[in-house]
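Written out below as structure tokens is the structure these notes cover.
Just the heavy atoms: all of them, side chains too, but no hydrogens, waters or symmetry mates, feed the values below. Quick caveat: nothing in here was measured; it's all calculated off a predicted structure. Whatever order the structure lists them in is the order used to number ligands and atoms, beginning at 1.
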Amino acid sequence: MAFSHLSHLDCARCGTRYDADEINNLCTCGSPLLARYDLSAVTVDPGDIAQREPTLWRYHEVLPVRERVISMGEGMTPLLPLPALGSELGVPGLLMKDDGLIPTGSFKARGAAVGVSRAAELGVKAFAMPSNGNASAAWTAYGARAGMRSVVAMPESAPLINRTESAITGAQLYLVRGHIGDCGQMIGALIARSGSALFDASTLKEPYRIEGKKTMGYEIVEQLGWRVPDVIVYPTGGGVGLIGIYKALLEMRELGWISGPLPRLVAVQATGCAPIVEAFKAGAKVSEPWPNPKTVAFGITVPKPLGDFLILDALYATEGTAVAVEDADTLAAQALCARLEGTFICPEGAATLAAVRELRNSSWIKESDEVVVLNTGAGAKYPADVDVPILNPGDPLVSGYAR
Ligand SMILES: *Cc1c(COP(=O)(O)O)cnc(C)c1O
Ligand SMILES: [Zn+2]
């Protein structure tokens, strides 16, 4: 039995085929490359996957890594029912895939585990990337475990925790005045000057992080007993997770592991940075760069995603939609989720709950729909965004306890 059934890479736009066992970045046409598998050779029965270890590597036949797995136990995070919040929002079948419980505290660990493992077995010794914070924290951590060196650039407004995480794992860290696009330009120049010493690990410029993130799709379906929900709601920055989940659904359909209509996919953005929502509303195939992007949901501050055409494709093909939510609604949803369900989720994850409220109000989501939202990270990584009431000794109890 082959550990991986990876066969080749092909361009998501023009279809040009590339050798998967060489180091590749973008297609010559400028578009991302996607990993392709010999799915007809996959013989495992999905039911047998239940016996495997509870990490994303349980889907190794459809992952690109051939032999050298760099792992910290990532994947198989809980699919939590949210009964109290669901009843509050009028969606009793509300579930949350909780990637707050994963190494480095965000789902970027999925992309990093697979991306770094694959880069390591292809001989990469050092990589560079721009990041809003969590990607850098994850890639430098897995990079350290693989014995690789790393260079990252993040906006100086990125959360302090992400700087610390990256620096302590030994990355060379640049803070840039500007947004992630500015960081990308700086990293691009560094890579060009390095010859081929630095591998470009920017989002979608390397083909394999999407393969790590697609495992969210496999896990949701496995955790529902090899069946799909009605709706999946995703906080969309670069859109890698959404593109990945859609890719996973198509692969599972080809494998015969699922059948029937696919879930409607929803891209959630912040009103302060919503290029995909604008493009979707206009029925466009690509997005326009968003001027002055700004939101508390830092991980989804991407003014012009490289894979915008793939995100939009996935939304149109699944009869999905795109929604922009206000930061105030995101923070209110974060507090409500913590109060009703006891889970402290990240602002990006909370944005999906604010979106569910809007989509339920407009009846796009029906009461009978089974809806899975993605919480992409731990709220504990962003303590500064939360404003909580504190009592001083001598203050009366707010309510309920006095006899
Ligand atoms: C990066 C990030 C996102 C957005 O991920 P994409 O797949 O690139 O759209 C969402 N939430 C958090 C916490 C992130 O770090
Ligand atoms: Zn191409």
How far is [atom] from its nearest protein heavy atom, and which residue and atom is that?
atom: atom 11 (N) of ligand 1; value: T376 OG1, 2.7 Å
atom: atom 4 (C) of ligand 1; value: G299 O, 3.5 Å
atom: atom 8 (O) of ligand 1; value: G238 N, 3.2 Å

* Asked: Parallel, tilted or perpendicular: which describes the rings of F3 and H60, with under 30° parallel and over 60° perpendicular?
  -> parallel
What atoms of ligand 1 come within less than 4.0 Å of a heavy atom belonging to [X]?
X: T236; result: 9 (O)
X: G241; result: 7 (O)
X: P235; result: 4 (C), 9 (O), 10 (C)
X: K213; result: 5 (O), 6 (P), 7 (O), 8 (O)
X: Y382; result: 13 (C)

[X] atom [atom1], neighbour heavy-atom count above 12 within 6.0 Å:
X: N292; atom1: CG; value: no
X: I168; atom1: CD1; value: no
X: R163; atom1: CZ; value: yes

Close approach of [X] to ligand 1, heavy atoms, under 4.0 angstrom:
X: G239; answer: yes
X: F298; answer: no
X: K381; answer: no

Got an N/O contact under 3.5 Å between [X] and ligand 1?
X: K108; value: yes
X: I300; value: no
X: V240; value: yes
X: C346; value: no

Within the 4.0 Å heavy-atom cut-off, what N134 brings close to ligand 1 is side chain
Going by the 4.0 angstrom heavy-atom rule, the piece of Y234 near ligand 1 is side chain
Applying salt bridge (Lys or Arg N to Asp or Glu O under 4.0 Å) to E358 and not counting sequence neighbours gives none
Within 45 degrees of the ring normal and closer than 6.0 Å to the centroid, is that where the cationic atom of R149 sits relative to F127? no
Tell me, please, whether W364 has R264 positioned over its six-membered ring: NZ or CZ under 6.0 Å from the ring centre and within 45 degrees of its axis? yes
Note: SG(C29)-the Zn ion (ligand 2)-SG(C14) angle, rounded to 10 degrees, equals 120°
The SG(C11)-the Zn ion (ligand 2)-SG(C27) angle, to 10°, is 110°
**Asked** Salt bridge between E370 and R227, side-chain N to carboxylate O under 4.0 Å?
**Response** yes
What I want to find out is whether R66 reaches D21 closely enough, with some N-O distance under 4.0 Å, to be called a salt bridge.
yes
Keeping W139 on the side-chain end and K108 on the backbone end, is there a donor-acceptor pair under 3.5 Å? no
### Query
Is a side-chain N or O of D308 found less than 3.5 angstrom from the main chain of V286, in a donor-acceptor match?
no
Under 6.0 Å between the ring centres of Y316 and F280? yes
